[in-house]
Amino acid sequence: MSASGFILRRLTLSGPNGNTSCVEFKRGLNVISGPSDTGKTFIVQCIDFMLGGRDSPKRIPEVEGFDTILLDIETSDGERISLRRGLSGGTFELIRAGETLALKEAHEAGNTETISHLLLAATGLVGKKVRTNARGTTRTLSFRDLARLVVIGEEAIIAERSPVLSGRHVTKTTELSVFRLLLTGSDDSLVLQQGDLKIARTKQLGKKELLEEFLTKNAQEIATASHEEVSEETVLELLERAEAEEREVSTALSKERKSALVLEHERKTAWSSLRQVQSRAAVAEELQRRFELLHEQYKSDLRRLEAIGEASARLAQMTEERCPVCGAIAEHHGGKDRDVHAQPADVGEACAAESQKIKVLCRDLALTIDSNKRELSRLQTAAEEHCERLTAAQGRLREELKPRVAALINRLREAEQHRARLLRLADLFQRRREFEALLAEANKPIPRAPRLPTASVGADEAEAFTRTAEALLHAWSFPNLDRVTFSEDAQDLVLGGRKRSSHGKGVRALTHAAFSLALLSYCIEYNRPHPGLVVIDSPLVVYREPDTSEDGNSFLVKEKFYRCVARTFASNQVIVLENEEPPADLDGANVIAFTGASHGRSGFLPRRETVPINLP
Amino acid sequence: MGQEAMSVERAIMPFNGPVETGLRCLAILNEAFPANFSLQKLVVFDYLAVHSDDAGGPTGLHPQTPSRSGELLVRRTALRDGLMLYESRGLVHRRFEHRGVYFAATDRSGGFLDALDAMYVGELRQRAAWVVASFGDFGDDQLLEFVNEHIGIWGAEFEWSSLLWAEEDV
């Protein structure tokens, strides 16, 4: 929706039995005329109700059988929307482009699903702030704040108070704020609430006390953290140096660690080489023992063979005396007892042969033993070498490197601790600065609150508006008009030096209409947001103009009223409800005449008799 | 007595044959002359003669090979054949008593031994003397006990008694 107001198109009442009654409005001037009791005031109440009013329309007898009101609205960009509401009140239904949306009846700041927001959006005054009291408390504008300037009922129109006010004292500030918003276009968003001076002073004192306490504690902490007097600068310097030192030690440490790794690797290789050589040597040693045993065996065998050989030879020379088994002498022996053992002579030969073999084996063995001995000795030498290397590496690791690394780690740890202490000190110093700054702030005196701009509209602000009202009244030939001025005090027009409120009610009604129409006209001319319509109930009925002017002519105020309004507000909407019809030749006006009788349209709602009775 | 060369090479292992075992028994018997010993005793004495270091005596004649206690088992037959051989040359005397078979040296044993030059023989005779001196008076049970006590140390793991003191088969 673009925001330069809206107009009403149709007001419909409907009931559950399908009864409907409606009245159609057009752009420009609409006049609904007719006798009393034809529902004119009812129409005004319906319109106000449909613009978010809390009070349901007065329950006239004819309303029996109707329960719902539908108001069709056209916004400034041509969009048609409908609002539906039950006669008893409650939420609205917005029907737009075939979709229905529920709208709350009460205004809520920030809630777009309210009737107030919808109408404010159409008007162009969403989110505006208005003052609610002298201290400057604000709230958001509700459409209802504008309603009294848009829909003027028959009682309000003759009231003595300014058209801007409701008469309730509590809401006066707000109402003036609204008037000024419409006139000047600026709201009270920038008005800051002025707190109580005393409360503010107390708060400040409290802050000071607290900050002073903090500062004292801080000073103590600083004293504890550094045992001597230092300045923040010194601390920062020392901190830098401490950080540099830490970095240095770190680098040195990683260098040492790297060399430690190299040495460690050396040690490991020496160790594994040593192990290998040692195990090979162990094997060689074992072999050596076996070989030596074998050698012993061979030597023993040779000696035995020598003895056996000798004994065999001797035995061979000696004659057998008797068979040792059967006792027979050799000559008589059959030979069957000869055992498989060879005779001593053969044994002697075997011994010689065996001896030879063994001697050969022995020689081979001697060679093997020798070579093994050499291998063993070689291995032992290698083992010694590896052992030396190992102990050397171990020694270096133990004596040189490890202590150096340990020392560096220590230094690093100290450096870290030192740095941590300095950091804490630096932190404390910074904290002190912050506290001091805050304290300086808190020590500043609280300025007296400046006077708020008043809510009421000044005469200069209302100047252009006043001129517009004057022009209208002139156009209507208001008698003895002379000048129109604005009373700041009454926030109302002053006609020819006389307050509007001091006039009779006919003049009051007519000039109230002038006020409201002037406001619409002013807003259009000066591009201020305005709902774009005015609904006026009975502006003219009570007024009776003086008989003739000075030059003997009639003023014809009412006639001129209609013609002027029809002309001036052709692009917007003015709905006037009156007893008397407007001039018959009135151009550019939508006239709906109720007859109050059986011919024509009797009234807004059908007379009771013609309402179909609900069948049970 | 001529034998074919083939049978010589096939059959002859001079070590622990009758000539050698008989020679050792002869040395032992000669030292104990005129006492006589059973075959059982001689088997043990033969072991002790060559492995005198196993029983706290002089250095062993033969090296201390790992499975040497097995010799106590396998020597019996060889010793018997050896004794028989030397008996056939009149160097050993066998007598049958109600207790069993006993062997002794003859008056020709010493001369036979004296005539041998090999160094081994001399050393053997020394150890034989030690054996006879140390164990010659041992009764059968005593000797059995001694062997059982030490057999584990000499490397063998199985029971000796039943095998060692088997029935003498004549």
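Values below: every heavy atom of this structure, side chains too, minus hydrogens, waters and symmetry copies. Chain letters run A, B, ... following the sequence lines, proteins first and then strands; every chain starts at 1. Since the model is a prediction, treat every value here as computed from it, not as a measurement.
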ask   = Are any non-hydrogen side-chain atoms of A:Leu305 and B:Phe15 less than 4.5 angstrom apart?
value = yes
message = If we ignore hydrogens and angles and just use 3.5 Å, is the side chain of B:Arg89 paired with the main-chain N or O of A:Met318 as donor and acceptor?
response = yes
task = Side chain from CB out, backbone as N, CA, C, O: work out which of these in B:Gln64 comes under 4.5 Å of a heavy atom of chain A, or both, or neither.
result = backbone
B:Glu145 atom CD, over 12 foreign heavy atoms within 6.0 Å = no
request  = Can you measure from CG (A:Leu315) to CZ (B:Phe112) and round to the nearest 0.5 angstrom?
outcome  = 4.0 Å
ask   = Between atom CG of B:Leu23 and atom CZ of A:Arg314, what is the distance when rounded to the nearest 0.5 Å?
value = 12.5 Å
Proximity breakdown for B:Leu91 and chain A, heavy-atom pairs closer than 4.5 Å = side chain
query = Just by distance, do the side chain of A:Glu310 and the backbone of B:Asp117 share a donor-acceptor pair under 3.5 Å?
reply = yes
query = Is it true that atom CH2 of A:Trp271 has more than 12 heavy atoms of other residues, nucleotides or ligands lying nearer than 6.0 Å?
reply = no
ask   = Are side-chain heavy atoms of B:His62 and A:Glu296 found at a separation under 4.5 Å?
value = no
task = Kindly give the heavy-atom pair with the smallest separation between A:Ser312 and B:Val19, and that separation in Å.
result = OG-CG1, 3.4 Å
inquiry  = With heavy-atom distances below 4.5 Å as the criterion, would you say the side chains of A:Arg303 and B:Val121 are in contact?
reply    = no
key: Within residues 373-383 of chain A, residues adjacent to chain B where the heavy-atom gap is under 4.5 Å   = none
task = Answer yes or no: are there more than 12 heavy-atom neighbours, outside B:Asp141 itself, under 6.0 Å from its atom CG?
result = no
query = So what's closer than 4.5 Å to chain A heavy atoms on B:Leu116: side chain, backbone, both or neither?
reply = both
